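The structure under discussion appears below in the form of C-alpha coordinates.
These values consider heavy atoms only, across backbone and side chains, with no hydrogens, waters or symmetry-generated copies. All values derive from a computational prediction rather than experimental measurement.
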Amino acid sequence: MPDLMKFRIGDLAKHIGVSARSLRHYEQKGLLSPSRDENGYRVYDQLSAVRADNIKQLFEVGLTSADVIHYIENGYLDRPLAESPHCPAELDTVRERLSGLDERIARLQSLRERLASHHAELACAIGPEQAPEPHESGTPGACSEGMSG
(Lines give C-alpha, C1' and ligand atoms only; values in the text may rest on other atoms or scores of the structure.)
Protein backbone atom coordinates (compact mmCIF):
# COMPACT_ATOMS: atom_id res chain seq x y z
CA MET A 1 0.00 0.00 0.00
CA PRO A 2 1.60 3.30 -1.01
CA ASP A 3 1.96 6.06 1.56
CA LEU A 4 -0.82 8.55 1.04
CA MET A 5 0.47 11.12 3.49
CA LYS A 6 3.89 12.66 3.68
CA PHE A 7 4.80 15.27 6.26
CA ARG A 8 7.53 17.83 6.46
CA ILE A 9 8.91 18.37 9.93
CA GLY A 10 6.76 21.40 10.81
CA ASP A 11 3.58 19.73 9.56
CA LEU A 12 4.24 16.55 11.52
CA ALA A 13 5.13 18.53 14.62
CA LYS A 14 1.82 20.36 14.44
CA HIS A 15 -0.09 17.15 13.59
CA ILE A 16 1.09 15.27 16.71
CA GLY A 17 1.53 18.23 19.05
CA VAL A 18 5.29 18.47 19.51
CA SER A 19 7.94 20.92 18.39
CA ALA A 20 10.11 20.42 15.34
CA ARG A 21 13.02 20.41 17.77
CA SER A 22 11.49 17.38 19.52
CA LEU A 23 11.32 15.52 16.22
CA ARG A 24 14.97 16.35 15.52
CA HIS A 25 15.80 15.12 19.04
CA TYR A 26 14.00 11.84 18.34
CA GLU A 27 16.11 11.51 15.21
CA GLN A 28 19.36 12.28 17.04
CA LYS A 29 18.55 9.59 19.61
CA GLY A 30 17.97 7.06 16.84
CA LEU A 31 14.24 6.82 17.48
CA LEU A 32 13.12 8.16 14.09
CA SER A 33 14.71 7.99 10.65
CA PRO A 34 12.94 10.32 8.24
CA SER A 35 13.80 10.28 4.58
CA ARG A 36 15.00 13.40 2.79
CA ASP A 37 13.57 15.07 -0.27
CA GLU A 38 15.66 16.48 -3.11
CA ASN A 39 16.20 19.72 -1.16
CA GLY A 40 17.41 17.83 1.91
CA TYR A 41 14.28 18.50 3.95
CA ARG A 42 13.08 15.79 6.27
CA VAL A 43 10.06 13.88 5.01
CA TYR A 44 8.00 11.67 7.29
CA ASP A 45 5.72 8.95 5.94
CA GLN A 46 2.66 7.57 7.73
CA LEU A 47 4.69 4.98 9.64
CA SER A 48 7.08 7.67 10.86
CA ALA A 49 4.12 9.80 11.92
CA VAL A 50 2.67 6.92 13.96
CA ARG A 51 6.06 6.22 15.52
CA ALA A 52 6.62 9.89 16.36
CA ASP A 53 3.23 10.11 18.06
CA ASN A 54 3.93 6.91 20.00
CA ILE A 55 7.33 8.21 21.07
CA LYS A 56 5.71 11.42 22.28
CA GLN A 57 3.17 9.43 24.30
CA LEU A 58 5.85 7.25 25.88
CA PHE A 59 7.92 10.29 26.84
CA GLU A 60 4.82 11.94 28.30
CA VAL A 61 4.33 9.03 30.72
CA GLY A 62 7.94 9.20 31.86
CA LEU A 63 9.79 6.63 29.80
CA THR A 64 13.31 7.34 28.56
CA SER A 65 14.95 7.18 25.14
CA ALA A 66 16.54 3.87 26.14
CA ASP A 67 13.10 2.51 27.04
CA VAL A 68 11.66 3.67 23.72
CA ILE A 69 14.45 1.96 21.79
CA HIS A 70 13.28 -1.38 23.23
CA TYR A 71 9.79 -0.66 21.92
CA ILE A 72 11.23 0.08 18.48
CA GLU A 73 13.42 -3.04 18.49
CA ASN A 74 10.36 -5.16 19.21
CA GLY A 75 8.20 -3.46 16.57
CA TYR A 76 5.75 -2.03 19.09
CA LEU A 77 5.72 1.48 17.63
CA ASP A 78 4.61 0.59 14.10
CA ARG A 79 0.94 1.09 14.97
CA PRO A 80 -0.84 3.25 17.54
CA LEU A 81 0.03 2.23 21.10
CA ALA A 82 -3.59 1.37 21.89
CA GLU A 83 -3.44 -1.27 19.13
CA SER A 84 0.01 -2.64 19.99
CA PRO A 85 0.54 -5.83 22.00
CA HIS A 86 1.86 -5.54 25.53
CA CYS A 87 4.37 -7.77 27.26
CA PRO A 88 5.76 -8.45 30.76
CA ALA A 89 9.00 -6.61 29.91
CA GLU A 90 6.99 -3.46 29.31
CA LEU A 91 5.41 -3.78 32.74
CA ASP A 92 8.86 -4.29 34.30
CA THR A 93 10.12 -1.10 32.66
CA VAL A 94 7.17 0.90 33.96
CA ARG A 95 7.67 -0.54 37.46
CA GLU A 96 11.33 0.52 37.34
CA ARG A 97 10.38 4.06 36.32
CA LEU A 98 7.75 4.23 39.10
CA SER A 99 10.27 3.01 41.64
CA GLY A 100 12.74 5.67 40.52
CA LEU A 101 10.09 8.36 40.85
CA ASP A 102 9.12 7.14 44.32
CA GLU A 103 12.77 7.34 45.41
CA ARG A 104 13.12 10.87 44.05
CA ILE A 105 9.87 11.96 45.72
CA ALA A 106 11.08 10.55 49.06
CA ARG A 107 14.43 12.37 48.70
CA LEU A 108 12.66 15.62 47.82
CA GLN A 109 10.23 15.26 50.73
CA SER A 110 13.14 14.70 53.10
CA LEU A 111 14.93 17.73 51.66
CA ARG A 112 11.78 19.82 52.04
CA GLU A 113 11.44 18.80 55.67
CA ARG A 114 15.07 19.77 56.38
CA LEU A 115 14.60 23.09 54.61
CA ALA A 116 11.36 23.79 56.49
CA SER A 117 13.13 23.02 59.76
CA HIS A 118 15.95 25.38 58.80
CA HIS A 119 13.36 28.03 57.95
CA ALA A 120 11.79 27.65 61.38
CA GLU A 121 15.20 28.00 63.05
CA LEU A 122 15.93 31.13 61.05
CA ALA A 123 12.51 32.57 61.82
CA CYS A 124 13.13 32.08 65.53
CA ALA A 125 16.57 33.63 65.31
CA ILE A 126 15.44 36.63 63.26
CA GLY A 127 12.08 37.03 64.90
CA PRO A 128 8.82 35.67 63.53
CA GLU A 129 7.50 39.12 62.64
CA GLN A 130 10.41 39.71 60.24
CA ALA A 131 10.60 36.26 58.65
CA PRO A 132 8.40 35.62 55.60
CA GLU A 133 6.15 32.61 55.80
CA PRO A 134 6.96 29.56 53.63
CA HIS A 135 4.63 28.84 50.72
CA GLU A 136 3.11 25.75 52.31
CA SER A 137 2.07 24.90 55.82
CA GLY A 138 3.87 22.22 57.68
CA THR A 139 6.84 24.27 58.82
CA PRO A 140 7.91 22.56 62.01
CA GLY A 141 8.36 24.28 65.31
CA ALA A 142 7.08 27.71 65.99
CA CYS A 143 9.85 29.20 68.09
CA SER A 144 9.55 26.99 71.12
CA GLU A 145 12.74 28.05 72.87
CA GLY A 146 13.41 31.50 74.15
CA MET A 147 10.31 33.03 72.57
CA SER A 148 7.74 32.57 75.30
CA GLY A 149 7.05 35.15 77.96
Handout entry: Exam field: side chain Asp37 to backbone Asn39, donor-acceptor pair closer than 3.5 Å
Key = yes
Problem - Arg24 side, atom CZ; Glu27 side, atom CD - distance, nearest 0.5 Å - result: 9.0 Å
Exercise for the section: Report yes or no: do Leu115 and Leu122 belong to one cluster of Ile/Leu/Val/Met/Phe/Trp/Tyr joined by side chain heavy-atom distances under 4.5 Å? Expected result: no
Practice task
Apply side chain to side chain contact (heavy atoms under 4.5 Å, CB included) to His25 and Arg21, showing your working.
Solution key: CA-CA 6 Å; His25 176 76; Arg21 184 174 181 193; 5.7 Å; no
Practice task
Could I get the full list of ring-ring contact (aromatic ring centres under 6.0 Å, His included) partners for Tyr26, not counting sequence neighbours?
Solution key: Phe59
Handout entry: Nearest non-hydrogen partners of Ala13 and Ala20, listed with the distance
Key = CB-N, 3.7 Å
Completion exercise
Heavy-atom nearest pair, Val50 first then Arg79, reads CG1-C, 3.5 Å
Problem - Cluster link Leu108 to Leu98, ILVMFWY, side chain under 4.5 Å - result: no
Problem - Between Arg97 and Thr93, a side-chain donor and acceptor under 3.5 Å - result: no
Handout entry: Point-to-point distance, once rounded to the nearest 0.5 Å, from CD of Gln46 to CZ of Phe7
Key = 7.5 Å
Exercise for the section: Apply side chain to side chain contact (heavy atoms under 4.5 Å, CB included) to Val18 and Ile55, showing your working. Expected result: CA-CA 11 Å; Val18 298; Ile55 292 165; over 6 Å; no
Problem - Salt-bridge contact Asp92-Arg95 (side-chain N to carboxylate O under 4.0 Å) - result: yes
Exercise for the section: Ignoring hydrogens and angles, tell me if any N or O in the side chain of Ser48 forms a donor-acceptor pair with the backbone of Pro34 under 3.5 Å. Expected result: no
Handout entry: Pairwise side-chain contact, Leu81 with Leu58, heavy-atom cut-off 4.5 Å (strictly under)
Key = yes
Problem - Distance-only side-chain donor-acceptor flag, Thr64 / Asp67, under 3.5 Å - result: yes
Practice task
Taking all non-hydrogen atoms of both residues into account, name the closest pair between Leu31 and Ser65 and its distance.
Solution key: CD2-O, 3.9 Å
Fill in the blank from the handout: Correct closest heavy-atom pair for Leu12 and Ala52 would be CD2-CB, 4.1 Å
Problem - Lys6 vs Asp45, side chain to side chain contact (heavy atoms under 4.5 Å, CB included): CA-CA, chis, key distance, verdict - result: CA-CA 5 Å; Lys6 299 275 187 180; Asp45 59 16; 4.1 Å; yes
Problem - In one Ile/Leu/Val/Met/Phe/Trp/Tyr side-chain cluster, 4.5 Å: Ile69, Leu32 - result: yes
Exercise for the section: Report yes if some heavy atom in the side chain of Arg114 is under 4.5 Å from a heavy atom in the side chain of His118; otherwise report no. Expected result: no
Exercise for the section: Locate the shortest heavy-atom distance separating Leu77 from Asn54; write the atom from each residue and the value. Expected result: O-ND2, 3.1 Å
Practice task
To the nearest 0.5 Å, tell me how far Tyr41 OH sits from Ser35 OG.
Solution key: 15.0 Å
Practice task
For residues Glu90 and Tyr71, determine if any side-chain heavy atom of one lies less than 4.5 Å from a side-chain heavy atom of the other.
Solution key: yes
Practice task
Please report the C-alpha distance between Asp53 and Gln57 in whole Å, then the side-chain angles of each, then the deciding distance to 0.1 Å, and finally whether the side chain to side chain contact (heavy atoms under 4.5 Å, CB included) criterion is met.
Solution key: CA-CA 6 Å; Asp53 190 45; Gln57 290 178 52; 3.1 Å; yes
Practice task
Give a yes or no on this: more than 12 heavy atoms of other residues, nucleotides or ligands lie within 6.0 Å of atom CZ of Arg36.
Solution key: yes
Practice task
Look at Arg51 together with Asp78 and state whether they make a salt bridge at an N to O cut-off of under 4.0 Å.
Solution key: yes
Problem - Positive for side chain to side chain contact (heavy atoms under 4.5 Å, CB included) with Ser117, one of His119, Glu113, Glu121 - result: Glu121
Exercise for the section: Give the cluster check for Met5 versus Ile16: same hydrophobic cluster or not, with ILVMFWY residues linked at side-chain heavy-atom distances below 4.5 Å. Expected result: yes
Handout entry: ILVMFWY cluster, Val43 and Ile9 together (side-chain gap under 4.5 Å)
Key = no
Exercise for the section: Report yes if some heavy atom in the side chain of Lys56 is under 4.5 Å from a heavy atom in the side chain of Ser22; otherwise report no. Expected result: no
